[in-house]
There are 2 protein chains.
Amino acid sequence: MKPQLSDNLCFALYTASNALTRAYRPLLERFDLTYGQYLVMQALWLEDRVSLTELSRQTRLDPGSLTPVVKRLEGKGMLTRTVSSEDERRKVIALTETGQALQQQAAALKTELEQKTDIDPEVIDTLRRHCLTLADQLTRVC
Amino acid sequence: MKPQLSDNLCFALYTASNALTRAYRPLLERFDLTYGQYLVMQALWLEDRVSLTELSRQTRLDPGSLTPVVKRLEGKGMLTRTVSSEDERRKVIALTETGQALQQQAAALKTELEQKTDIDPEVIDTLRRHCLTLADQLTRVC
DNA sequence: CTCAAATAATTAGCGCGCAAAACATTTGTG
DNA sequence: CACAAATGTTTTGCGCGCTAATTATTTGAG
């Protein structure tokens, strides 16, 4: 069979990731969040009052990428960044009431998107777990 | 069980895509290609002499994203962009000999990376197909 | 106690994806 | 033939991921 671009995992993954980002965009717009900001907020909804290093670890984003995102969220009133009293190198990133309140509203997003697609939830879960496996393996060897 | 960031498909997909991009980077550096450029080259290795619109369709990238990438590849001598004699709105994107020659060398990259990871090829293929399914569905509903 | 090494966060620069607007050309209706 | 609509590409502006360098602070060896 003639080879195709979709034979490649890197194309498939890249395309799916971009498609998901695109799909979320109009839904996130109502909360004035970008996709990247939304992922960071999700991490904070799970564990509030963390350092940037810890948030970097949880989100698997480079601190250099994370600082501007977190700063932008601070500017939007979603969170605050204060110097830790224990270690002045460290910042404490804490959700504001506005940021916390958004959790409930944002929770419906995933459901809304799931209802739009026709994919078996088991397939979604297999995909999710395989993505995590791949990410873990790649991170380990590099 | 306590909810985690990795429960989310969007986090998993985003992380896996970023991890794959990171993993490819040092390998692609030897060809002076970025990941995005590499994906575009892959499309052209499969079908040369296409319009930007056609390349946009194949790669599922917005023409606005594609133009700078293709221009950069042109600057690197990988391809040429010429106005079509049939329709002056249209550009013909054609690989140069340099660009064509790279195909063989780049082919080993995937193998090199596969050897580094410990993932069952069937899992990789399932992941790939699920990604494409997800991308197709999301593109269809949005 | 001093200071090199380590740590935490920030900044700078680059490449890229996206949406929207703009520009140039082609098409097809009236 | 005129011109509105459509098409193809480019440009602009924004947000983001990454690497590397920089800055500020803490740690621990000597």
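Labels below follow one simple rule: chain letters A, B, ... track the order of the sequence lines, proteins then strands, and each chain is numbered from 1.
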Per nearest nucleotide of DNA chain D, the residue lying toward the 5' end, B:A19 or B:D87, is B:D87
Result for 5'-nearest mapping on DNA chain D, choosing between B:Y14 and B:T53, is B:T53
| Does any donor-acceptor pair link the side chain of B:R89 with the base of D:dT9 at a separation under 3.5 Å? | no
**Study point:** Test: B:E54 and B:R57 ion pair at under 4.0 Å
**Key:** yes
Query raised in the report: Should A:D7 and A:K2 count as an ion pair when the cut-off is N to O under 4.0 Å?
Result: no
Between CG of A:L28 and C1' of D:dC14 the distance, given in whole Å, is 16 Å
To the nearest angstrom, the CG-P distance between A:D62 and C:dT7 comes to 16 Å
In terms of side-chain heavy atoms of [X], which of [options] is nearest?
X     : options                : value
B:V69 : C:dC16, C:dC18, D:dT19 : C:dC16
B:R72 : D:dT25, C:dC16, C:dC18 : C:dC16
A:L61 : D:dT10, D:dG17, C:dT11 : D:dG17
B:T67 : D:dT10, D:dG8, D:dT26  : D:dT10
A:K91 : D:dT9, C:dA9, D:dT26   : C:dA9
B:R90 : C:dA8, D:dT9, D:dG17   : D:dT9
B:Q37 : C:dG15, D:dC18, D:dC16 : C:dG15

Just checking A:S51: base, sugar-phosphate only, or nothing, at a heavy-atom cut-off of under 4.0 Å?
-> sugar-phosphate
Discussion item. By the 4.0 Å heavy-atom rule, please label A:L66 as base, sugar-phosphate, or nothing.
Written reply: nothing
Dump the intermediate steps for side chain to side chain contact (heavy atoms under 4.5 Å, CB included) on B:T133 and A:V123, then the final yes or no. CA-CA 10 Å; B:T133 300; A:V123 166; 5.6 Å; no
In this structure, SG of A:C131 is separated from CG of B:N8 (nearest 0.5 Å) by 12.5 Å
Judged by nearest nucleotide, the residue sitting upstream toward the 5' end of DNA chain C, A:V50 or B:Y35, is A:V50
Sorted by position of nearest nucleotide on DNA chain C, 5' first, the leading residue of A:G64 and A:T21 is A:G64
So A:Y38 and A:Y24, would you call those rings parallel, tilted or perpendicular, with 30° and 60° as cut-offs? tilted
